[in-house]
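Below is one structure, written out as structure tokens, with a few remarks after it.
Index from 1, following the sequence.
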Amino acid sequence: MRKLIALGGLGALLLAMPAAGGALAGNCRVDDQPAASLLIPFFEVDLEDPRGKTTLFSVNNGAAKPALARVVLWTDWGVPTLAFDVYLTGYDVQTLNVRDLLRGQVPRTGPQASPQGELSEPGPGFDNCGGTVAGVVPPSAADVALLTAAHTGRPIPQSFPTQCLSEPRADTRFATGYVTIDAVRRCSAVGVGSQRNTPADPLYFAAGGTGVAINDNVLWGDYVFVDPAGNSSQGSAAVHLVADADLLVAGTYTFYGRYVGFDARDARVPLPSLYYSRFVHGGEFDGGTRLIVWRDTRDGSPRPLPCGATPVWLPLGAQQVVAFDEQENPTELAGAAAFPIATQAVTVGSPELPVDESFGWLLLDLWHADETHAQAWVGPVFTAEGRYSAGYPAIAADDLCNWGP
């Protein structure tokens, strides 16, 4: 049992212990350590103001030998839109601005990069990194139009004027989505609006890390939300997803399991599904609390849809959302539908997450509303007086390593 049980006579709620399969155990814990994949759980970019909100993230190599990372941008429906490689020398770091990426400014990295951005020689241990296979051809103006439309809920221009890739919104000024970064063995061409050479590609993962993606736990990183107008910024470590092919075998739940039929060939540890998070939205904390929430849609074939249509999994719902005040009084919220898409930022106390108390904590059980178990990630962001801010991961209270598909 995972839901809170109402004790009518006492007028209270009792939290059931997580099921035995969800006990925290060993290598399945998600921690800040070099990993084979990274998740930047949310980004937000002001497309109209070049000095407005944006998101920065870094990709770092924790090993002495060179590494290659495949960066993929995804919409809030979990549809891949842009994919490119970052070459890292030993102990190297590359910092990227999502605003630049949405403008088509893909970084040129690698030894002896040509004026066209092609890698003229392979890095040690990598296959097919030379010639046109590794060509970094900047996205065209049409590609940039596709990217900005895809991440703002608008129809895709030109080729697919009736297709949409993300949640429609009243304000199309802000582009949102999330980012994945994987250790890979070879360079691939820059991709825009395609699943090829992304985790959604059936050939991207292979048993034993023999596909495009590899199981080398060498990547680490972080991200920062920057708001110049709000005089604030918040940063946190990226979500580090360790590859463990011995622990994760066919039939177990893995981070990319939805794309590989849960046969565990991706070998990435899954994220938890049950979280505890503080909230403050009173007193000096006049900026309140935003929750950054990433969720697994469990959709193995993300794709554009006719505008006006929605993915079959939407809204995701939740098993339960409970607010506790600082006297341990619980209130089950109607906000169990506050996090309906793959990634979002929701303000505590808003109509989507109606919390009356100013201080307390939230229990978020993010299995889908139909009781399908699904991984997630939660991080609170606090702001105060337009000057102070903080962000960090919420407390994970279970894991899904012992659960099947």
Side-chain angles (χ1 to χ4, degrees), residues 33-40 57-74 80-98 100-101 105-114 116-139 179-192 194-223 238-245 255-256 259 265-268:
Q33 64 189 78
S37 293
L38 306 175
L39 168 68
I40 309 301
F57 66 93
S58 74
V59 186
N60 305 261
N61 180 8
K65 68 178 184 179
L68 193 67
R70 186 73 169 165
V71 179
V72 181
L73 270 60
W74 307 74
T81 60
L82 174 65
F84 60 92
D85 295 320
V86 173
Y87 178 92
L88 301 161
T89 60
Y91 306 119
D92 194 8
V93 57
Q94 293 287 335
T95 301
L96 306 173
N97 186 332
V98 179
D100 294 339
L101 302 180
Q105 298 173 11
V106 174
R108 298 178 178 179
T109 57
Q112 300 182 12
S114 70
Q116 291 76 37
E118 297 177 357
L119 296 183
S120 58
E121 65 181 47
F126 303 132
D127 300 328
N128 303 322
C129 280
T132 58
V133 173
V136 181
V137 179
V179 183
T180 58
I181 305 153
D182 304 305
V184 293
R185 73 173 57 257
R186 65 172 181 265
C187 297
S188 304
V190 173
V192 178
S194 171
Q195 293 186 12
R196 186 177 181 186
N197 293 317
T198 75
D201 183 340
L203 301 179
Y204 191 75
F205 295 106
T210 58
V212 176
I214 57 178
N215 294 340
D216 293 2
N217 292 308
V218 297
L219 302 179
W220 62 281
D222 54 40
Y223 61 93
V239 184
H240 292 71
L241 303 160
V242 172
D244 190 335
F255 180 75
Y256 288 121
Y259 304 125
R265 80 184 85 147
D266 65 301
R268 270 61 171 175

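Counting all heavy atoms, side chain and backbone alike, Asp92 lies closest to Tyr87 at OD2-O, 3.9 Å. Residue Asn215 comes nearest to Asp266 through the heavy atom pair OD1-O, 3.8 Å, listed as atom of the first residue, atom of the second, then distance. In this structure, Asn217 and Ala36 approach most closely via the heavy-atom pair OD1-N, 3.0 Å. In terms of heavy-atom proximity, Val59 sits nearest to Leu88 at O-CD2, 3.7 Å. When all heavy atoms of Ala69 and Ile181 are compared, the pair lying nearest together is CB-CG2, 3.7 Å. When all heavy atoms of Val93 and Ser58 are compared, the closest pair comes out as CG2-CB, 4.2 Å.
Proximity of Phe84 to Leu96: side-chain heavy atoms (C-beta onward) are separated by under 4.5 Å at one or more points. With contacts defined as side-chain heavy-atom distances shorter than 4.5 Å, the pair Tyr256/Thr180 qualifies. For the pair Leu101 and Pro107, the minimum side-chain heavy-atom distance is below 4.5 Å. Residues Tyr204 and Thr198 are not in side-chain contact: their nearest non-hydrogen atoms beyond the backbone lie 4.5 Å or more apart. Two residues are said to be in side-chain contact when any heavy atoms from C-beta on lie closer than 4.5 Å; Val212 and Leu203 fail this criterion.
Atom CH2 in Trp220 sits 10.0 Å away from atom CG in Asn61 (nearest 0.5 Å). Within the model, atoms CZ of Arg185 and OG1 of Thr210 stand 6.5 Å from one another, a figure rounded to the nearest 0.5 Å. Atom CD in Gln94 sits 9.5 Å away from atom CG in Asn60 (nearest 0.5 Å). In this structure, CG in Leu219 is found 8.0 Å from CG in Asp182, a value given to the nearest 0.5 Å. Here the straight-line distance linking atom CG of Leu38 with atom CG of Leu241 works out to 7.0 Å at 0.5 Å rounding. With values rounded to the nearest 0.5 angstrom, Thr95 atom OG1 is found 11.5 Å from Asp100 atom CG.
Residues meeting the side chain to side chain contact (heavy atoms under 4.5 Å, CB included) test with Asp216, sequence neighbours left out: Lys65, Ile214, Val218. The salt bridge (charged side-chain N to carboxylate O under 4.0 Å, His left out) search around Arg265 returns Asp263, not counting sequence neighbours.
Ring geometry for Tyr259 against Trp74 counts as parallel: the plane angle stays under 30°, on a 0 to 90° scale with 60° as the upper cut.
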